[in-house]
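These notes concern the structure reproduced below.
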Amino acid sequence: MDIKVDDSSLLGALDELAQIGAIEGGGCARLALSDEDKAGRDLVVARMKALGLQVQMDAIGNVIGLRPGREKLAPVMTGSHIDTVRTGGRYDGNYGVLAGLEVVRALNAAGVSTRRPIAVAFFTNEEGARFQPDMLGSLVYAGGLGLNEAYAAADKDGLSVGDELRRIGYLGAARPGAIRPSAFIELHIEQGPVLDEEKIRIGVVESVQGISWTEYTVSGVSNHAGTTPMRLRRDAGYLAASVNVFARRLAREMGGHQVATIGALALRPNLINVVPNRAVFTVDLRNTDEAKLKEAEARVAAHIAEVAKEERVAVEAKVLARFEPVIFDAGLVDRVEHHARALSLSTRRMPSGAGHDAQMMQRLCPTAMIFVPSVAGLSHNVEEHTAPADLVAGAQVLLNLLLELAERP
Ligand code: GLV
Ligand code: MN
Ligand code: MN
């Protein structure tokens, strides 16, 4: 029997969630564990319950909706995240969660039972925009970070994950990782330009590149911008600017998949006529190759040490996140490709440039990802867009693959 995802049901659900924390331009701001995130969570939990799912909340705020199977076996799990960056689009993460629920709706409507249960999850703080590390909920779920350490992660205002989870009512009772799936599949928008440029419908994701996030705090000396000779300056802002330029040149020189971003920078006192005495900035380095990522880290660190010495400023480094590249399960990757091709959708094998909950779940069970195109490769931007036909096609690949996996003994 052919079971079809329903266009208007999926697109309507995406529209509805996008109204929560809506920002100008069509995007969303639902930072992890904020009031907006709570409202988004409440909506998705209500949808899960309306679909008849058994809803479980764990001690790090991950939420899992379970559709029982005919047999008491480990479930096949799908899912993603519903938190966003402050300038987020409406599809990043949300699409994977709501497509998972659309699969459940379609199975319910067709009256189909599966041998294994099917679980649809959303994980806490995937984005890492408010609390670090990113992929926090799935990392805890996979056993990569203890609860107490996760609870202690604090945002810029000193509010902690533990307190914020309690405040919004999402500190659940279940032990993270208590449900160990037989397989995990995450459907996500590509967030990069490859599929759109090559006019390919489905990305068959083989791996996720390694991620290195470091925050640097630079201490110099404030002084008068007009009277302080250049030779006497101890300018914290100069180091930050120099690292930004260096990181760009380094990524260009290394080529391949190396990328480098200085995405956050704060100067103090941040005044036109005062040499900054403090700079806090972040460095985000990523590469599909661990050895190359290590090389990039070492070269950035060496540059910082050299400029700090010349400028006579002190530097403190704090690692905010560090994850090695992840290779997905080859057998499952093949099945993603198979189901896309069976629907006559063009495919391309590719690594993921962005971080995903799936990279944590691969520690627990065989995992793979399905990508759909992002128009012009825009993401973490309110203009993030994927054509409705692509959203529906990706969800259909997910449905067909989950059905296969859920019948496996
Ligand atoms: C998460 O969205 C990341 O890749 O930064
Ligand atoms: Mn995402
Ligand atoms: Mn994101």
Side-chain angles (χ1 to χ4, degrees), residues 1-7 9-11 13-14 17 44 47-48 51 53 64-67 69 75-82 91-110 112 114 116-123 181-191 195 200-206 328-329 331-348 350 352 356-358 361-362 365-374 386-408:
M1 180 173 44
D2 267 358
I3 304 166
K4 291 261 171 285
V5 300
D6 181 75
D7 308 25
S9 165
L10 174 64
L11 302 174
L14 281 161
L17 184 52
V44 174
R47 273 193 104 84
M48 286 178 165
L51 289 166
L53 299 181
I64 298 173
L66 201 66
R67 183 178 193 266
V76 175
M77 191 181 282
T78 189
S80 191
H81 61 98
I82 58 168
Y91 303 112
D92 179 357
N94 306 307
Y95 169 51
V97 176
L98 296 176
L101 294 184
E102 172 54 23
V103 168
V104 169
R105 192 209 56 75
L107 296 183
N108 288 355
V112 168
T114 52
R116 288 178 180 275
I118 292 180
V120 181
F122 63 83
F123 296 99
S182 62
F184 182 81
I185 306 292
E186 183 170 358
L187 170 64
H188 205 284
I189 56 168
E190 181 202 332
Q191 307 181 271
L195 298 175
I200 287 172
R201 303 290 304 281
I202 296 290
V204 178
V205 188
E206 295 180 297
F328 289 132
D329 181 84
L332 276 187
V333 171
D334 284 348
R335 297 318 288 163
V336 170
E337 192 168 61
H338 165 85
H339 284 288
R341 288 186 180 167
L343 290 165
S344 303
L345 298 165
S346 49
T347 61
R348 181 198 209 279
M350 61 195 301
S352 169
H356 296 291
D357 295 309
M361 295 303 285
Q362 171 65 37
C365 63
T367 294
M369 291 189 76
I370 307 164
F371 273 176
V372 294
S374 292
T386 296
D390 288 335
L391 294 169
V392 172
Q396 190 66 51
V397 174
L398 178 70
L399 187 153
N400 295 2
L401 176 56
L402 290 180
L403 258 186
E404 177 197 325
L405 299 177
E407 286 307 325
R408 284 190 181 172

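Basis for what follows: all heavy atoms, side chains included, without hydrogens, waters or symmetry-related copies.
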Atom pair [atom1] ([X]) and [atom2] ([Y]), whose distance is rounded to the nearest 0.5 Å:
{"X": "Thr114", "Y": "Leu405", "atom1": "OG1", "atom2": "CG", "result": "11.0 Å"}
{"X": "Ile3", "Y": "Leu403", "atom1": "CD1", "atom2": "CG", "result": "5.0 Å"}
{"X": "Leu345", "Y": "His339", "atom1": "CG", "atom2": "NE2", "result": "12.5 Å"}
{"X": "Phe123", "Y": "Ile82", "atom1": "CZ", "atom2": "CD1", "result": "12.5 Å"}

When you measure from the side chain of [X] to the backbone of [Y], do you find a donor-acceptor pair of N or O atoms at a distance under 3.5 Å?
{"X": "Ser80", "Y": "Val97", "result": "no"}
{"X": "Gln191", "Y": "Ser374", "result": "no"}
{"X": "Thr386", "Y": "Pro373", "result": "yes"}
{"X": "Asp7", "Y": "Pro388", "result": "no"}

Original post:
What pairs with His188 under ring pair (Phe, Tyr, Trp, His ring centres under 6.0 Å), at least two apart in sequence or on another chain?
Top reply: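 Testing His188 for ring pair (Phe, Tyr, Trp, His ring centres under 6.0 Å), a comparison that skips the adjacent residues, returns His81, His356.
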So do the side chains of [X] and [Y] get within less than 4.5 Å of each other, counting heavy atoms only?
{"X": "Arg47", "Y": "Leu98", "answer": "yes"}
{"X": "Leu332", "Y": "Val336", "answer": "no"}
{"X": "Phe122", "Y": "Met48", "answer": "yes"}
{"X": "Leu101", "Y": "Val44", "answer": "yes"}
{"X": "Leu195", "Y": "Met350", "answer": "yes"}
{"X": "Thr367", "Y": "Glu186", "answer": "no"}
{"X": "Val205", "Y": "Val333", "answer": "no"}
{"X": "Val372", "Y": "Tyr91", "answer": "no"}

Between [X] and [Y], what is the shortest heavy-atom contact and its length?
{"X": "Val397", "Y": "Ile370", "result": "CG1-CD1, 3.9 Å"}
{"X": "Ser182", "Y": "Pro366", "result": "O-CD, 3.4 Å"}
{"X": "Tyr95", "Y": "Asp390", "result": "OH-O, 3.8 Å"}
{"X": "Arg67", "Y": "Val112", "result": "NH2-O, 2.7 Å"}
{"X": "Gly100", "Y": "Thr78", "result": "CA-CG2, 3.8 Å"}
{"X": "Leu10", "Y": "Leu391", "result": "CD2-O, 3.7 Å"}

message = For Gln396 and Asn400, which I'm curious about, is there any donor-acceptor pair between the side chains at under 3.5 Å?
response = yes
Have Ser9 and Arg105 got a donor and an acceptor in their side chains that come within less than 3.5 Å?
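Looking only at side-chain atoms, Arg105 and Ser9 do form a donor-acceptor pair, the distance falling under 3.5 Å.
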Across all chains, not counting sequence neighbours, the side chain to side chain donor-acceptor pair (under 3.5 Å) partners of Glu407 are Arg70
Could you list the residues that satisfy side chain to side chain contact (heavy atoms under 4.5 Å, CB included) with Thr347, not counting sequence neighbours?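 For Thr347 the side chain to side chain contact (heavy atoms under 4.5 Å, CB included) partners, ignoring immediate neighbours, are Ile202, Val204, Glu337, Ala340, Arg341.
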Paired with Pro117, the side chain to side chain contact (heavy atoms under 4.5 Å, CB included) test is passed by just one of Val76, Leu66, Leu53, namely Leu66
message = Using side-chain contact (heavy atoms from CB on, under 4.5 Å), reason through Met77 and Ile64 one step at a time and then give a plain yes or no.
response = CA-CA 9 Å; Met77 191 181 282; Ile64 298 173; 3.9 Å; yes
